[in-house]
Number of protein chains: 2
Amino acid sequence: MSRRPRRGHGRPTLDDVAQAAGVTRITVSRFFHSPDKLAPETAARVRAAVDEVGYVPNAQAGQLASGRSRVVAALVPNLGYSIFAETIQGLSEGLMDSGYELMLMPTNYSLEREERQLRALMAWSPSALVLTGRRHSAAAEQLLNGLREQGTPVVEIWDRPDAPNEPGAPARIGFDHREIGMRMACHLMELGHRHLGYVDNPVAEDYRARERRAGFAAAAAQAGARLDEVQAPPGDSFDSGRWALQQLLARQPAPSAVAFANDLLAAGAWVDLQAVGSSLSSSPTSGPALLGFGDFPISRQVRPMLSTVHTPNAEIGRSAARSLLAALQSGGPPEGQALACELVARGSTPRHS
Amino acid sequence: MSRRPRRGHGRPTLDDVAQAAGVTRITVSRFFHSPDKLAPETAARVRAAVDEVGYVPNAQAGQLASGRSRVVAALVPNLGYSIFAETIQGLSEGLMDSGYELMLMPTNYSLEREERQLRALMAWSPSALVLTGRRHSAAAEQLLNGLREQGTPVVEIWDRPDAPNEPGAPARIGFDHREIGMRMACHLMELGHRHLGYVDNPVAEDYRARERRAGFAAAAAQAGARLDEVQAPPGDSFDSGRWALQQLLARQPAPSAVAFANDLLAAGAWVDLQAVGSSLSSSPTSGPALLGFGDFPISRQVRPMLSTVHTPNAEIGRSAARSLLAALQSGGPPEGQALACELVARGSTPRHS
DNA sequence: TTGTAAGCGTTATCAT
DNA sequence: ATGATAACGCTTACAA
């Protein structure tokens, strides 16, 4: 019916709608972006014309003309690991119906990979950016600074906001992993433990896990407690945690309380401990206290229940979405937010001695 | 230094590079898209100029001009639920470095939501599309058909391919949930059970879970076995599964084997059963056999280990990426793929009577 | 309240 | 092997 130009999608354009409505292109454009500037009856004609021709806007053309992209990009280490999946779920919920679309790029815990993704991203002129963590390659930092100067809101999630909202400081949404590590150690020491163990996770590039461990070690040292550390091997987390605990318990003397980089590691070790305890004697276990991190659902399911640190997985994503949308609207920089973690003391860390 | 036009990002453009290299725009464009068409020394000059001015392509402009978008969109019910997170992880790994970016849209298990996301998506002219499941609203089907006719590859994941690769049939990557339901029932009946139970999941819109249940019921009916069914309530899956099993066991007579919509439900029920069993007697439990679905890591951790169905979570994503990229390259339609599930018989389904 | 003119930065087509 | 010209579909700036 209608002319089919040599190029393009062949989809109806603003001009097609305009023709059908007896107005010009720009009026139709206004119908979408500032409908209140149209005379009501004009708007009605345009609406009818839009339906009639089946008009769908062309995002690329609009973005090229306006210089704004309606893309929010998120770079996360991994999705299979459920905490980031929950964060992304929160982020996409927060972005829903905002007119922005979420572009997702996994970095596999690699700063180099993150930098490459960031470069690829530049081509899209994203409206806003979500990065995981505060550490990036030098080149990535440069790209980010460029974006920030140009007014693109950037938030870093899953890491601590810098102390007092310093102006110009990167906006971060999350918590201080080092501090959480310290709190974990303090919890165990408050229960009377003087010889602690720590099982770190096997992902070498996960510096946040390293920080928790470092905080844990610092608090232990400060209190004069003894500390044994071990890195869990890759593979099934449960098995890995079990193996790591055995390593610690084999030492003489063995720690009386052990903290883990995450609940999966801890749960594996914990159920093993219970099984051994109950087969050797029917009395309640007198083995080490165990403390996890992440408050995975499993932790409430083992008996006794696993003590852990509750992290605001989905809330980090929702908060990031709020912060970015606010910044996008106001034109100002995005705000960071310190989100609380809660140390949930349950049955696996009873009072000691 | 350089002119700052009234509009645009102010980023260097092809023309800036061209000027620095002493060539024209189009030569620089060719440098990126068909470098072998350039004289080697011209290419070298262009390369230097690109670095010099710090050129980054403008995706919107390129896509507007070419009519192709370099966006692959994926619509999934939910990410917090780990199986889809693993699928998306597989998908994004498969897409990595392909030049296509992943746009992620959650549908919250709502067909209406899916339709809206699809409409929003049309504005982006995605190069390819990933949908979850074969069921969509009528309007969504229309949109999809339009896309397919126009040559956009579309694959539906987590559902069964249609029988023999019918031409024109939607490409699906996954398996037949109804058939898996039947296999689950058969497994239990082969062990000697004649009175089965089924615990369905609480997400009313998850038709795939309904299909597994229907298959389970059909197989039971066909074999003349008795069946009791119950829907798990919303909330923590472990607790929910536990509650549901109690409902079934309270009936007189009670089923001797119970299947669950997923491993979380099953695991909650299973550990509960073991706890009760061991506190009442030290003999091995003689309670009902339990069968899960999904092969979550937890299932290998409970003792006895939970029998379940292993699903190819990440493989579905990787396969979708492969199929779409192949279709994009060949220009043909994408291919579906039937992926195998494996029924993993473990300790929770021992031989019966 | 509506319209005109001039791009936005790239790629397709055809020419040299 | 390189270039000139004309889109691509929309929005901004300025007029009327």
Side-chain angles (χ1 to χ4, degrees), chain A residues 2-46 49-50 53-70 99 122-125, chain B residues 2-19 21-46 49-50 53-70 99 122-125 127:
Chain A
S2 60
R3 95 222 127 86
R4 278 283 163 269
R6 291 173 301 170
R7 296 170 54 173
H9 313 82
R11 291 193 330 214
T13 71
L14 276 187
D15 278 324
D16 296 328
V17 179
Q19 193 167 12
V23 294
T24 56
R25 210 188 310 179
I26 188 63
T27 302
V28 182
S29 176
R30 288 199 183 103
F31 170 77
F32 286 106
H33 298 296
S34 34
D36 42 321
K37 287 188 175 174
L38 294 198
E41 57 181 31
T42 310
R45 282 217 313 288
V46 171
V50 165
V53 307
Y55 173 74
V56 175
N58 180 319
Q60 277 85 26
Q63 295 172 8
L64 174 59
S66 69
R68 274 164 307 175
S69 82
R70 318 249 92 191
M122 303 297 289
W124 291 87
S125 326
Chain B
S2 62
R3 91 219 134 87
R4 276 283 163 269
R6 293 173 300 173
R7 298 170 52 175
H9 311 83
R11 291 196 326 214
T13 70
L14 278 186
D15 278 324
D16 296 327
V17 179
Q19 194 168 12
V23 294
T24 55
R25 207 185 320 181
I26 191 64
T27 301
V28 181
S29 177
R30 287 198 184 103
F31 169 78
F32 286 107
H33 299 296
S34 34
D36 42 323
K37 288 189 176 176
L38 294 199
E41 58 181 30
T42 309
R45 283 217 315 286
V46 172
V50 165
V53 306
Y55 172 74
V56 175
N58 180 319
Q60 277 85 28
Q63 295 173 7
L64 174 58
S66 70
R68 273 164 300 150
S69 81
R70 321 250 71 179
M122 302 298 287
W124 291 86
S125 327
S127 291

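In the text below, chain A, chain B and the rest are named by the order of the sequence lines, each starting its count at 1. Hydrogens, waters and symmetry mates play no part in the numbers below; they use all other heavy atoms, side chains included.
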Could you state the [atom1]-[atom2] distance from [X] to [N], rounded to the nearest angstrom?
| X | N | atom1 | atom2 | value |
| --- | --- | --- | --- | --- |
| W124(B) | dG9(D) | CH2 | P | 17 Å |
| R70(B) | dT10(C) | CZ | P | 15 Å |
| Y55(B) | dG9(C) | OH | P | 10 Å |
| Q63(B) | dT10(C) | CD | P | 12 Å |
| R30(B) | dA1(D) | CZ | C1' | 8 Å |

* Asked: Looking only at side-chain N and O atoms, does R68(A) come under 4.0 Å of OP1 or OP2 in dT12(D)?
  ->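 Looking at the OP1 and OP2 atoms of dT12(D), one of them is under 4.0 Å from a side-chain N or O of R68(A).
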Side chain of [X] - closest among [options]:
| X | options | answer |
| --- | --- | --- |
| N58(A) | dT10(C), dC10(D), dA12(C) | dC10(D) |
| A65(B) | dA12(C), dC10(D), dG9(C) | dG9(C) |
| A61(B) | dC10(D), dA13(D), dG9(C) | dG9(C) |

* Taking the six-membered ring for Trp and the full ring for Phe, Tyr or His, determine whether the centres of F32(B) and Y55(B) are under 6.0 Å apart. => yes
* Asked: Could you state the interatomic distance from CZ (R30(A)) to OG1 (T24(A)), rounded to the nearest 0.5 Å?
  ->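 OG1 of T24(A) is found 7.5 Å from CZ of R30(A).
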* To do: Not counting sequence neighbours, which residues clear side chain to side chain contact (heavy atoms under 4.5 Å, CB included) with P12(A)? List them please.
  =>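 With sequence neighbours excluded, P12(A) shows a side chain to side chain contact (heavy atoms under 4.5 Å, CB included) to D16(A), V53(A), given in chain and number order.
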* **Selection: residues 22-29 of chain A, any non-hydrogen atom under 4.0 Å of DNA chain C** => V23(A), T24(A), R25(A), I26(A), T27(A)
* **Partners passing salt bridge (charged side-chain N to carboxylate O under 4.0 Å, His left out) against R25(A) (at least two apart in sequence or in another chain)** => D15(A)
* Give me the bend of the helix from dT1(C)-dA16(D) to dT16(C)-dA1(D), using the axes of the five pairs at each end, rounded to 10°. => 20°
* Any residue of residues 32-43 of chain A with a heavy atom less than 4.0 Å from an atom of DNA chain D ->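 Listed by number, they are H33(A).
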* To do: Just grab all the side chain to side chain donor-acceptor pair (under 3.5 Å) pairs involving residues 56-65 of chain B, residues at least two apart or on different chains.
  =>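 Matches after skipping sequence neighbours: Q60(A)-Q63(B), Q63(A)-Q60(B).
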